[in-house]
Amino acid sequence: MAVLELTNISKHFGAIQAVNDVSFSIGAGQVVGLMGDNGAGKSTLVKMIAGNFRPSHGTMQLDGAELIMHRPIEARQHGIEIVHQDLALCNNLTAAANVFLGRELRRGVGPLRVLDYKAMYRRAGEIFRELKSETRPRDLVRQMSGGQRQAVAIARTMLSEAKIVLMDEPTAAISVRQVAEVLNLIRHLRDRGIAVVLISHRMPDVFDVADRVIVMRRGRKVADKQIGASSPEEVTGLITGAIEQV
Amino acid sequence: MAVLELTNISKHFGAIQAVNDVSFSIGAGQVVGLMGDNGAGKSTLVKMIAGNFRPSHGTMQLDGAELIMHRPIEARQHGIEIVHQDLALCNNLTAAANVFLGRELRRGVGPLRVLDYKAMYRRAGEIFRELKSETRPRDLVRQMSGGQRQAVAIARTMLSEAKIVLMDEPTAAISVRQVAEVLNLIRHLRDRGIAVVLISHRMPDVFDVADRVIVMRRGRKVADKQIGASSPEEVTGLITGAIEQV
Amino acid sequence: KKQLVIVVKGLDNPFFEAINQGCQKWNKENADAEYECFYTGPASTSDEAGEAQIVQDMLGKADTAAIAISPSNAKLIAQTLKTANPSVPVMTLDADLAAEDSALRKTYLGTDNYLMGARIGEYIKKGKPKGGKICTIEGNPGADNILRRAQGMRDTLTGQKGLTELKGEGGWTEVAGCPVFTNDDGAKGVQAMTDILAANPDLDAFGIMGGWPLFGAPQPYRDLFKPLADKIASNEFVIGAADTIGDEVAIAKEGLVTALVGQRPFEMGYKAPTVMMDLIAGKPVEDPVFTGLDECTKDTVDTCIQK
Amino acid sequence: MAITLDQTIGQKQQSWLAKILGSQTFWVLIAVILACIFLSFATDSFATTKNLYNITRNVTFVAIIALGMTLVIITGGIDLSVGSVLCLCSMVLAVVMHAGYSIEVGIVASIGTALLIGAFNGILIAYLGFPPFVVTLGMLSIARSLAMVASNNTVVFEFGPDHDKLLALGGGAWFFGIANPVLYMIVLALITGFVLRWTRFGRYVFAIGGNEHAATLTGVPVKRIKVAVYMVSALSAGIAGIIQTGWLGAVTTNIGAGMELQVIAAAVIGGANLAGGAGTAFGALIGAALIEVIRNSLGLLGINAFWQGTFIGGAIVFAVLFDRIRNFRQSE
Amino acid sequence: MAITLDQTIGQKQQSWLAKILGSQTFWVLIAVILACIFLSFATDSFATTKNLYNITRNVTFVAIIALGMTLVIITGGIDLSVGSVLCLCSMVLAVVMHAGYSIEVGIVASIGTALLIGAFNGILIAYLGFPPFVVTLGMLSIARSLAMVASNNTVVFEFGPDHDKLLALGGGAWFFGIANPVLYMIVLALITGFVLRWTRFGRYVFAIGGNEHAATLTGVPVKRIKVAVYMVSALSAGIAGIIQTGWLGAVTTNIGAGMELQVIAAAVIGGANLAGGAGTAFGALIGAALIEVIRNSLGLLGINAFWQGTFIGGAIVFAVLFDRIRNFRQSE
Ligand SMILES: Nc1ncnc2c1ncn2[C@@H]1O[C@H](COP(=O)(O)OP(=O)(O)OP(=O)(O)O)[C@@H](O)[C@H]1O
Ligand SMILES: Nc1ncnc2c1ncn2[C@@H]1O[C@H](COP(=O)(O)OP(=O)(O)OP(=O)(O)O)[C@@H](O)[C@H]1O
Ligand SMILES: [Mg+2]
Ligand SMILES: [Mg+2]
């Protein structure tokens with residue numbers, strides 16, 4: 001059964017039709033690559049799934065039940081995790097604080113529960129180590145390099161067991177070494193039955209981990225194929241519009 | 001003769017040694033790929049060349065004359081253009097305004113010269129078309145997709161004839177189609193005798209356009225080779241530390 | 001109903017509230033008159049331009065039959081009246097226009113501020129005939145009536161006219177850091193007095209030109225002067241203060257102030273409508289009409305306030 | 001395919017109308033107009049020539065300073081010293097003219113004072129990185145104190161040989177019975193609007209407010225622009241001071257007290273964003289007009305003195321409500 | 001290779017010392033200490049028990065409100081209504097007690113009023129997206145007007161049966177001769193400091209100031225936190241009002257006028273950043289202390305009344321100078 005099902009989803013901003021009548025579904029443990037030109041509407045689409053925007057039209061279903069969200073936090077409560085393209089980091093907080101933002105670890109009992117700094121530093125350190133990223137949990141995010149920031153954003157999705165993980169260009173700024181780790185991470189997620197949507201402009205990555213690829217052009221879905229049945233050349237053609245639709 | 005020559009450049013932030021004793025030189029029309037892990041110090045290095053930071057130690061020479069800059073604008077006056085990794089955009093301005101920021105086109109004479117909106121929209125449109133990017137010059141940058149923002153930042157370097165163009169991950173967020181255009185752009189720059197430093201985590205891109213590759217690890221330069229004399233595998237090894245130094 | 005408008009310097013001062021009480025009492029007693037008393041003013045006493053704008057508004061209003069103004073900036077109100085060229089009778093209340101502008105208003109009803117300061121000065125002089133070190137506590141630096149009181153006090157202390165600072169004339173010296181401007185803030189006033197007293201242990205007198213430190217911060221005032229109660233009783237230390245508002249009279253009773261000289265704002269507010277009606281009717285009115293002063297010392301507190 | 005790359009690039013996200021309907025200034029303007037219509041019906045005295053003359057004149061002082069303040073706010077700064085600077089500049093003008101100098105000398109001295117103060121604020125803020133709030137709060141205190149020193153805390157009301165010229169400058173109505181200050185305000189607003197929209201300087205002001213770091217990196221002379229902006233703000237306070245002196249005919253050390261909050265409120269109500277990056281000259285005027293209309297209406301409607309503050313405060317909040325409701329609807 | 005991944009991850013960029021030396025609060029503290037040392041030598045009367053008692057007591061009212069204001073500023077907001085809220089809360093307390101109710105009833109009514117106002121501000125700002133400056137400026141006007149209405153604009157100085165209890169509360173010194181208000185201030189500062197550093201609420205306050213959008217996206221209940229923060233700010237003003245009433249023994253409708261700027265200045269001087277994301281409880285106290293020491297010194301040093309403003313303003317700017325010089329050096 002499909003974990004997530006989108007039916008005729010559209011979204012416009014003023015005169016701009018960012019997403020136009022898109023439908024698809026994802027099953028548990030499926031990795032879907034979402035590709036498309038800049039401004040094709042990929043981010044807008046996953047933001048709707050993450051409760052960040054409400055669709056102008058169309059419906060979404062999670063595990064068969066209709067999914068209507070008013071605030072981003074509801075998505076998380078439904079088991080939807082997202083790595084935002086703009087990373088959504090608070091520059092004035094440490095890396096660990098950013099990782100745990102919204103679900104801080106605490107110790108003590110009742111109303112006297114205080115933040116457990118130590119545990120958060122430790123756990124964040126573990127995650128960074130797992131990602132093979134040289135990111136210092138105690139440092140402010142403001143002063144971090146592009147890839148370190150990206151690692152912080154990815155680390156967030158690893159805190160809890162989600163149903164769906166949406167990754168909006170998680171590998172854009174990170175180095176060869178960590179790219180491999182992120183792709184590994186995605187495979188792990190899949191193996192645990194978690195559905196993953198991976199937005200990426202890197203053809204090899206998508207063809208490496210995804211089971212299926214969806215291509216968007218100017219807000220419309222123009223292809224939805226099994227990876228095995230497609231090729232990088234075809235996808236490139238679909239993205240640029242050289243191939244109209246399949 | 002070398003356009004740019006760096007000698008024993010170092011930079012530390014508090015206890016963090018971001019760049020450590022790096023020397024190299026670039027000739028006119030050379031394209032140098034600068035690679036390295038996240039936090040290796042690549043951005044810090046090019047920011048020093050762009051007059052954004054002052055080196056803690058070491059000297060830089062441009063066309064044989066010592067290069068000491070106090071403000072970023074001086075770099076531009078020396079003919080050094082940079083695409084910043086964080087793009088350096090003003091969200092409240094239009095795409096065209098961002099492209100021309102600091103060198104607005106004006107019409108009229110003397111003290112009564114006013115901004116030439118029309119010319120700027122036209123020229124910005126031309127550049128975006130050249131980059132094959134669907135970016136609307138009249139729209140605010142705030143609402144743009146990641147790749148559109150990147151296109152704006154790249155467009156800046158195309159306004160004037162520079163001596164050196166520094167590109168800090170120009171292709172991170174942009175789609176397959178525009179990546180090809182950016183690489184083309186770099187080739188054009190090279191053909192006009194402009195030196196280019198390209199920071200990228202995409203191995204294929206670097207091997208596609210660069211003449212030389214410099215690898216940094218933990219602030220140090222660990223390799224500086226002709227592309228022909230190296231291979232993706234070797235560079236990956238250098239980045240991750242599997243190969244110590246060459 | 002046609003309105004007899006009273007424009008005060010600012011609503012933030014309980015003194016003007018007493019004028020309002022008088023105005024309201026008149027309204028209650030004259031419920032079926034063809035006029036009513038209407039009280040207004042800017043929110044803050046320091047908003048001089050705001051007062052001028054309100055005066056303009058009132059003069060432009062069809063209901064206005066007469067207006068009584070308490071100018072916080074006399075020159076400014078004079079200028080406003082000149083340009084507005086009002087058709088209804090205008091008088092001043094509580095504070096007057098400058099002498100050369102007196103033709104712009106029909107009469108002045110209120111306290112003689114100079115006299116008030118002079119009375120404070122007399123009490124101080126009586127306590128310390130040989131003079132000494134004094135500190136003057138003033139309100140808002142731009143407030144004309146307070147400046148006039150201070151002038152009255154200085155002139156009385158020295159027997160000379162127009163000195164702006166005392167440097168030994170008549171035996172009196174103002175210590176460094178004085179006068180203190182409290183900006184009509186009781187707490188600030190007492191804090192400043194505390195500091196001055198700490199810096200000048202040999203101070204002989206305070207001349208308080210506006211009652212803020214006493215009625216706005218009675219408790220700290222008591223804390224400050226309780227240790228000096230004996231000295232005050234023996235005129236070794238003298239405090240002359242303005243107003244008889246709030247807790248001030250009780251403070252006088254406790255012997256923590258040598259003398260209070262108070263105005264009669266209630267009387268001003270109560271009389272003003274009558275004077276304005278006389279003006280409207282074209283009856284001859286005295287110029288100026290002074291309301292009296294209430295003077296309280298420790299011994300007279302029970303009887304000093306005119307009821 | 002229907003849409004080509006060229007078409008996309010040529011596209012504009014918002015039409016003119018959508019842009020206007022989307023601006024706070026527009027909705028506040030609507031609020032002002034509604035208030036005026038209401039007052040015209042509710043009172044006999046609102047829509048009289050004399051009252052309108054007074055309102056338009058009264059609005060000018062806050063409005064002129066709000067123009068300068070808008071520039072400061074667009075860069076993401078704030079200037080709390082304007083009320084005191086107005087006072088000091090008025091006092092310098094008054095004292096100089098009182099000493100027998102001509103009106104020209106007085107104005108030059110006054111403007112010079114303003115520019116000096118603005119430069120001082122600006123240099124501390126731009127070059128030494130002081131927080132604008134701290135510097136201009138300090139200057140709020142300093143400028144008023146200097147005004148006391150300059151005048152010995154007396155009222156100055158005789159302006160020497162050019163006394164009448166000064167009064168005519170601020171109190172006259174040379175043009176179709178419109179009060180002079182209103183004319184100055186309109187001219188200054190047009191200049192400010194022009195500068196913001198059509199000059200490089202204006203563009204840089206917005207850029208600094210949008211992303212100061214990015215502006216620095218792209219070669220905008222951030223520090224110099226910031227100094228200039230604080231000088232313009234002080235200058236606008238100085239000009240307002242000169243005009244107000246001419247209107248009032250007397251200067252005390254009290255004038256302009258508490259004005260800073262009114263001015264900032266005017267700018268913010270008119271759509272300037274204290275976080276920087278947004279604001280218009282027209283908005284500053286509208287904001288100032290709203291505040292003045294409220295103030296004027298209190299007296300005309302005969303509202304109880306105690307409740308006046310509640311009405312003023314309520315109306316300030318209410319004015320922005322239109323805009324918020326629209327936004328709120330849209331975000332749903 | 002010498003450095004392993006583990007070592008890098010374990011590394012900290014700044015040592016404790018570097019962190020302290022890098023904070024504005026520290027340098028302002030140095031300025032305060034230097035000023036105190038100077039005053040101890042320059043005057044006989046500064047370092048006396050009595051003067052120190054007075055100073056510490058005087059500092060409390062601004063300091064307590066600055067604690068609440070610091071929270072607001074950290075979220076990137078501002079609260080201009082605190083002075084008026086202090087006035088209204090004092091007045092409610094005074095009027096209720098004057099009417100014969102016990103002190104407990106008075107305090108509950110007063111605190112309730114504060115929370116109500118805070119909630120009103122917060123809801124408009126958080127849920128309807130009003131600019132904080134506009135809302136709280138409106139409330140500045142409204143709260144004072146309501147205080148006038150509540151008291152009929154008179155001085156209240158008789159507080160019914162519990163009169164003496166109230167005076168003891170604010171004017172006494174129950175503990176080692178330290179003025180009661182100082183004790184309250186210390187307790188409140190400790191609580192604020194604890195909340196900011198050790199609770200989830202505190203963490204969210206910082207997150208909102210750092211990047212409100214990111215905070216929303218990661219599930220921080222931004223709106224509720226913002227409402228809470230404005231309630232805390234109003235509450236702190238209410239508490240200060242109650243204590244101040246007990247100390248003064250009388251309430252007039254102009255107490256707390258203009259206090260908002262002093263309070264914000266205290267917070268900002270103590271290191272709070274008006275752009276949001278930075279501030280400490282300790283800094284608020286230091287900032288308030290600095291302002292009080294300056295005020296106190298004016299009287300002790302016998303500075304001419306006209307020049308006092310210049311000294312106050314100069315000292316405010318000067319206090320931040322230490323910090324700026326350090327920063328300036330570093331950026332070179
Ligand atoms: N909040 C917004 N307001 C107005 N327009 C928007 C907004 N967000 C996105 N858009 C527009 O909608 C279109 C789709 O944007 P989106 O961010 O979804 O693209 P994308 O596929 O993620 O591109 P990229 O690969 O560059 O990230 C773009 O034209 C963009 O300018
Ligand atoms: N302004 C700063 N203050 C303190 N530390 C900094 C600053 N800028 C960078 N760093 C640190 O210096 C190191 C090098 O950062 P830099 O941005 O140069 O890395 P990079 O090679 O560009 O990495 P990436 O590929 O992730 O962009 C990192 O550890 C980073 O945290
Ligand atoms: Mg995107
Ligand atoms: Mg980098």
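Letters A, B, ... mirror the listed sequences (proteins, then strands); counts begin at 1.
- In this structure, CH2 on E:Trp198 lies 15.5 Å from CZ on A:Arg113, to the nearest 0.5 angstrom.
- For the pair A:Asn92 (side chain) and E:Phe206 (backbone), a donor-acceptor distance under 3.5 Å is present.
- Taking all atoms of both residues into account, the shortest heavy-atom contact from E:Ala214 to A:Cys90 is CB-SG, 4.4 Å.
- For the atom pair CZ of E:Arg197 and CG of A:Leu115, the computed distance is 8.5 Å after rounding to the nearest 0.5 Å.
- Tested against E:Leu217 for a side chain to side chain contact (heavy atoms under 4.5 Å, CB included), the candidates A:Arg71, A:His84, A:Lys47 yield a single pass: A:His84.
- Contact annotation: the side chain of A:Arg106 never approaches that of E:Thr199 to less than 4.5 Å [non-hydrogen atoms, C-beta and beyond].
- Scanning all heavy atoms of the two residues, the minimum distance from E:Ala207 to A:Leu101 falls at CB-CD1, 3.6 Å.
- Chosen from A:Thr94, A:Leu89, A:Asn98, the residue pairing most often with chain E at heavy-atom distances under 4.5 Å is A:Leu89.
- Distance alone, capped at 3.5 Å, places no donor-acceptor pair between the E:Arg203 side chain and the A:Glu104 backbone.
- Considering only heavy atoms from C-beta on, E:Thr216 comes within 4.5 Å of A:Pro72 through its side chain.
- The shortest heavy-atom contact between E:Tyr204 and A:Arg103 is OH-N, 4.2 Å.
- Using a 4.5 Å cut-off between heavy atoms, A:Arg156 touches chain E through its side chain atoms alone.
- Within a 6.0 Å sphere centred on CZ of E:Arg224, other residues, nucleotides and ligands contribute 12 heavy atoms or fewer.
- No part of A:Arg122 comes within reach of chain E, as not one of its non-hydrogen atoms sits under 4.5 angstrom from that chain.
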